[in-house]
2 protein chains.
Amino acid sequence: MNIGTAAEKSGLPPKTIRYYEDIGLLRPDRADNGYRDYSSADVHRLRFLQRSRSLGFSVEECRQLLSLYGDKERESADVKAIAEAKLAEIARKLVELAGLRDMLRHLADHCNGDDRPDCPIIDGLAGHGTVQ
Amino acid sequence: MNIGTAAEKSGLPPKTIRYYEDIGLLRPDRADNGYRDYSSADVHRLRFLQRSRSLGFSVEECRQLLSLYGDKERESADVKAIAEAKLAEIARKLVELAGLRDMLRHLADHCNGDDRPDCPIIDGLAGHGTVQ
DNA sequence: CTACGGTTTCCAGTTACTGGAAGGTCAAGT
DNA sequence: ACTTGACCTTCCAGTAACTGGAAACCGTAG
């Protein structure tokens with residue numbers, strides 16, 4: 001499949017897909033005419049990249065996660081350790097995302113009209129407590 | 001409070017905090033010695049920025065969300081519309097993050113030893129269906 | 001055989017930081 | 001009073017992750 005189709009299916013622009021190939025995240029076939037030819041496994045990788053990038057993981061983190069599948073030589077304990085570390089980070093992100101949702105829900109529901117400017121939502125803006 | 005303390009409390013490096021001031025997301029006081037002086041409201045804004053940036057929202061999206069509080073002239077309907085749009089996006093992110101968690105959970109739990117390379121997890125890597 | 005949309009490479013520009021140099025500030029120790 | 005070390009300041013350069021645009025090739029429909 002051509003890059004345009006892969007772009008549609010993955011939700012990533014063609015430019016970004018080529019960029020991911022440049023930095024070695026992907027290695028699509030080439031057709032006789034020189035066009036890139038994407039398999040459905042390629043599209044899965046691209047969808048994964050689209051999702052994890054949009055959730056705030058870095059390209060290097062994505063590369064590591066993708067390698068958990070690709071590298072058959074890798075130690076299982078290694079795979080498990082990396083996966084567990086990311087799981088902890090995901091759990092944290094889920095909590096923060098839910099907090100953000102609650103805060104915006106409150107803003108949308110209760111701060112209409114004259115009330116809004118007085119709403120002390122900013123106190124709950126970013127949760128409570130200190131980092132570290 | 002000095003920038004170092006604000007950095008600790010917000011989880012952002014001082015460099016990033018100065019950058020956010022450069023692009024107009026923040027306007028801390030200055031002490032007589034020229035040092036930036038952060039209020040607790042400033043720290044709340046910074047914590048909000050740290051969280052929403054790490055969850056994949058762009059700086060411009062963050063600017064818009066912060067303006068929902070700051071701008072007393074803004075129409076309530078406008079505030080509500082923006083908040084609702086972001087809520088939909090957050091709901092989507094929550095689903096994708098949970099999907100990522102399940103996938104990694106499966107990888108960590110069931111793909112140990114010889115089993116792993118054969119696991120067809122990549123099929124579930126990025127969920128199913130097509131974007132758009 | 002000519003449009004026109006999709007594809008190629010390459011190079012430049014943008015966003016959002018990040019590192020490092022050169023120097024000013026401040027509180028603690030001698 | 002003086003020095004030391006951790007903090008702060010500005011400025012300028014570099015990096016990460018795209019993004020836009022030019023010039024040229026490919027492929028199908030009329």
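Labels below follow one simple rule: chain letters A, B, ... track the order of the sequence lines, proteins then strands, and each chain is numbered from 1.
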Using heavy atoms and a sub-4.0 Å distance, could you list which residues of residues 20-38 of chain A are near DNA chain C? By number, please. A:Arg30, A:Gly34, A:Tyr35, A:Arg36
A:Thr5-A:Asn2 side chain donor-acceptor pair, cut-off 3.5 Å: no
Taking CD from A:Glu61 and P from D:dA16, how many angstroms apart are they, rounded to a whole number? 14 Å
Same apolar cluster (I L V M F W Y, side chains within < 4.5 Å links), A:Leu26/A:Ile23: yes
What residue among A:Arg36, A:Arg27, A:Arg45 forms salt bridge (Lys or Arg N to Asp or Glu O under 4.0 Å) with A:Glu21? A:Arg36
The residue, A:Glu60 or B:Ile3, whose nearest nucleotide of DNA chain D is more 5′ is B:Ile3
So, are A:Arg101 and A:Glu96 salt-bridged, with charged N and O less than 4.0 Å apart? no
Please tell me which of B:Lys15 and B:Tyr19 maps to the more 5' nucleotide of DNA chain C, matching each residue to the nucleotide holding its nearest heavy atom. B:Tyr19
Ranking A:Pro13 and B:Arg18 by the position along DNA chain D of their nearest nucleotide, the one closer to 5' is B:Arg18
Would you kindly give the CG-to-P distance between A:Asn2 and D:dC26, to the nearest whole Å? 14 Å
Please name the pair of heavy atoms, one in A:Leu94 and one in B:Ala98, separated by the smallest distance, quoted to 0.1 Å. CD2-N, 4.3 Å
Of the non-hydrogen atoms in A:Leu66 and A:Leu25, which two are nearest, and what is the gap between them? CD1-O, 4.4 Å
Quickly work out the B:Met1 CE to D:dC8 P distance and round it to whole Å. 12 Å
Students should find that the nucleotides of DNA chain C closing off the region near chain A, any atom under 4.0 angstrom from a heavy atom, are C:dG6 to C:dC10
Search all heavy atoms of A:Phe48 against all heavy atoms of A:Cys62 and return the closest pair with its distance. CE2-O, 4.1 Å
Are A:Leu46 and A:Tyr35 in one and the same hydrophobic cluster, where Ile, Leu, Val, Met, Phe, Trp and Tyr link if side-chain heavy atoms are under 4.5 Å apart? no
